[in-house]
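Report on one structure; see the data block that follows.
The residues of the chain are indexed from 1 along the displayed sequence. Computed from a predicted model, the values in this text were never measured in an experiment. Values below: all heavy atoms of this structure, side chains included; hydrogens, waters and symmetry mates excluded.
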Amino acid sequence: MSTSNLRRRLHHGDVDGRKNEHVDISGVDSLNEPLLGNSDTSGSEVYDPRRQDLWDDDRKKEQLHWSFLFSTLIAQWAQWLASIIANSGSIFGRLFPFSLDNQNNPVHLSPLQEERLNTLRRRLQIPFDGSCIEHQDALRQLWRLAYPTREIPPLKSELWKEMGWQGTDPATDFRGGGLVSLENLIFFARNYPNSFQMLLNKVQGQRSDWEYPFAVAGINISFMLIQMLDLQSTVPSSKSGIRFLQLLGRDENAFDHLYCVAFRLLDAQWLVKCASYMEFNEVLKSTRTQLERELVLEDVMAVKDLPSYTMLDK
């Protein structure tokens, strides 16, 4: 999908109370036209003393004065209303107690949601252990999915760097990501192989001379999602976390699907920003911001409803 098509697709309404808001990745492009149309005032009524007598002149000045005051009042009122809608804790949150903006109310989990949340949390608590046979097998499985025609290298080999591990031993790169980050990569490769291969081999767009390492970027995305969704709290209280609980109730693999969306979105933003290695954290942050905005859209009932999901290719 081209970058221009991407920006047109991710043009969704009612994000944080703002209609037709563009995704962050389009913000770096220069505008081809004014946001609110042409800014000239050629169509405005202008006082011409050669055509009006003094009485008409005074009346028109008074009319223009009141028109200006009225327009200013309308603009200020619209800005005030938009601010109320966008900010949490607004009067709408108090009027509608089940709103995602009302974080004072306790979050009640269904038995299914609680079961799936606990299962996910157990996954998050498992560190990657390079001496564990099951974890070693998972690494080998990832290699087979990434390079199905190539022989699996030893667990310590220079070849692992081709996948985007920083050293010859992938086990040293997991750190706080844990086993779940490896599981996320495997899920991505299995369920969206075309997108996985495209990102792994960096085949789309004009690339930087110093690209982000694929596998290590995946670990960072897993960690970012855990923080964004507030999964380390007893019960998620952020707006994104609360909405995620709803998605989890409908799909036990919601976290893994969201991971795939996040990875694809990060790469798209990377291309549009013409980013390089040192800007990875900035791109990751903007990816999180966009996901947070999309998750609170009213019509998002599943991960597949997210506007960015359409970028994924199976």
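Heavy atoms only, all atoms of each residue included: Met311 and Ala268 are closest at SD-CB, 4.0 Å. Minimum interatomic distance between Arg264 and Leu312 (heavy atoms only, all atoms of both residues): CB-CD2, 3.7 Å. Taking both residues in full, the closest heavy atoms of Pro154 and Ser157 are given as O-CB, 3.6 Å, listed atom of the first, atom of the second, then distance. Scanning all heavy atoms of the two residues, the minimum distance from Arg288 to Met224 falls at CB-SD, 3.7 Å. Shown here for Ser208 and Ser276, the closest heavy-atom pair between the two residues is OG-OG, 3.3 Å. Of all heavy-atom pairs spanning Leu297 and Arg243, the tightest one is O-NH1, 2.7 Å.
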- Message: Using the rule given for ring-ring contact (aromatic ring centres under 6.0 Å, His included), can you reason through Phe187 versus His257, listing the C-alpha separation, both sets of side-chain angles and the distance that settles it, and then say yes or no?
- Response: CA-CA 8 Å; Phe187 184 92; His257 285 293; 4.9 Å; yes

- Query: So Asn220 and Phe280, side-chain contact (heavy atoms from CB on, under 4.5 Å) or not? Walk me through it.
  - Reply: CA-CA 10 Å; Asn220 279 271; Phe280 178 81; 3.9 Å; yes

- Task: Dump the intermediate steps for side-chain contact (heavy atoms from CB on, under 4.5 Å) on Ser222 and Tyr259, then the final yes or no.
- Result: CA-CA 7 Å; Ser222 297; Tyr259 170 88; 3.2 Å; yes

- Query: Given Ser286 and Gln269, is the side chain to side chain donor-acceptor pair (under 3.5 Å) satisfied, shown in steps?
  - Reply: CA-CA 8 Å; Ser286 63; Gln269 296 208 31; 2.7 Å; yes

- Task: Please report the C-alpha distance between Phe128 and Val180 in whole Å, then the side-chain angles of each, then the deciding distance to 0.1 Å, and finally whether the side-chain contact (heavy atoms from CB on, under 4.5 Å) criterion is met.
- Result: CA-CA 8 Å; Phe128 181 84; Val180 70; over 6 Å; no

- Could you walk me through whether Asp169 and Lys161 pass salt bridge (Lys or Arg N to Asp or Glu O under 4.0 Å), step by step? CA-CA 9 Å; Asp169 182 6; Lys161 293 182 179 180; over 6 Å; no

- Query: Going through the checks in order, is the side-chain contact (heavy atoms from CB on, under 4.5 Å) test met by Leu284 and Ile221?
  - Reply: CA-CA 8 Å; Leu284 184 65; Ile221 291 172; 4.1 Å; yes

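Side-chain contact between Lys314 and Asn191: absent, with no pair of heavy atoms (C-beta onward) separated by less than 4.5 Å. Counting heavy atoms from C-beta outward, Trp143 and Leu139 have side chains that stay 4.5 Å or more apart. For the pair Phe244 and Leu120, the minimum side-chain heavy-atom distance is below 4.5 Å. Counting heavy atoms from C-beta outward, Met198 and Asn194 have side chains that stay 4.5 Å or more apart. For the pair Leu182/His135, no side-chain contact is recorded, criterion being any heavy-atom separation below 4.5 Å from C-beta on. The shortest distance between side-chain heavy atoms of Phe255 and Leu225 falls below 4.5 Å.
Thr149 is linked by a side chain to side chain donor-acceptor pair (under 3.5 Å) to nothing, counting only residues two or more places apart in sequence or in another chain. Listed by chain and number, the residues in a salt bridge (Lys or Arg N to Asp or Glu O under 4.0 Å) with Asp267 are Arg207 (sequence neighbours excluded). In this structure Asp137 satisfies the side chain to side chain donor-acceptor pair (under 3.5 Å) test together with Arg140, sequence neighbours excluded.
Leu145 is connected to Ile152 through a chain of hydrophobic side-chain contacts under 4.5 Å among Ile, Leu, Val, Met, Phe, Trp and Tyr, so both are in one cluster. Hydrophobic clustering, with ILVMFWY side chains joined whenever heavy atoms are under 4.5 angstrom apart, groups Val300 together with Met228. Linking Ile, Leu, Val, Met, Phe, Trp and Tyr whenever their side-chain heavy atoms come within less than 4.5 Å leaves Phe174 and Val216 in two separate clusters. Using a 4.5 Å cut-off between side-chain heavy atoms of Ile, Leu, Val, Met, Phe, Trp and Tyr, with links allowed through other members, Val203 and Phe214 fall into the same hydrophobic cluster. Linking ILVMFWY residues whenever their side-chain heavy atoms come closer than 4.5 Å, directly or via other members, places Leu124 and Val235 in the same cluster.
In this model, a donor atom of one side chain and an acceptor atom of the other lie less than 3.5 Å apart for Glu294 and Ser308.
For Lys239 and Asp230, the salt-bridge test fails: no basic side-chain N is under 4.0 Å from an acidic carboxylate O. Between Lys273 and Glu279 there is no salt bridge, since no side-chain N of the basic residue sits under 4.0 Å from a carboxylate O of the acidic one. The pair Glu151-Arg144 fails the salt-bridge criterion, with no side-chain N (NZ, NE, NH1 or NH2) lying under 4.0 Å from an Asp/Glu carboxylate O.
If you take CZ on Phe263 and OG on Ser195, they are separated by 11.0 Å, rounding to the nearest 0.5 Å. Trp270 CH2 to Tyr277 OH: the interatomic distance, rounded to the nearest 0.5 Å, is 9.0 Å. Taken from NZ in Lys285 to CG in Leu266, the straight-line distance is 14.5 Å, to the nearest 0.5 Å. Distance check, rounded to the nearest 0.5 Å: CH2 of Trp160 to CH2 of Trp165 gives 7.5 Å. Distance check: Arg250 CZ to Asp305 CG gives 9.0 Å after rounding to the nearest 0.5 Å. Between the OG1 atom of Thr172 and the NZ atom of Lys156 there is a distance of 9.0 Å, given to the nearest 0.5 Å.
Here the side chain of Arg121 pairs a donor or acceptor atom with the backbone of Leu231 at under 3.5 angstrom. Between the side chain of Asn201 and the main chain of Gln197, a donor-acceptor pair closer than 3.5 Å is present. When atom types are taken as modelled, the side chain of Gln204 and the backbone of Leu199 share no donor-acceptor pair closer than 3.5 angstrom. Between the Glu292 side chain and the Ser240 main chain, no donor and acceptor come within less than 3.5 Å of each other. A donor-acceptor distance shorter than 3.5 angstrom exists from the side chain of Ser238 to the backbone of Gly241, with no hydrogens or angles considered. In this structure, the side chain of Gln206 does not engage the main chain of Leu271 through any donor-acceptor pair within 3.5 Å. For Asn184 (side chain) and Asp256 (main-chain N/O), no donor-acceptor pair under 3.5 Å exists by modelled atom type.
Taking a 6.0 Å sphere around OH of Tyr147, one finds it holds more than 12 heavy atoms contributed by other residues, nucleotides or ligands.
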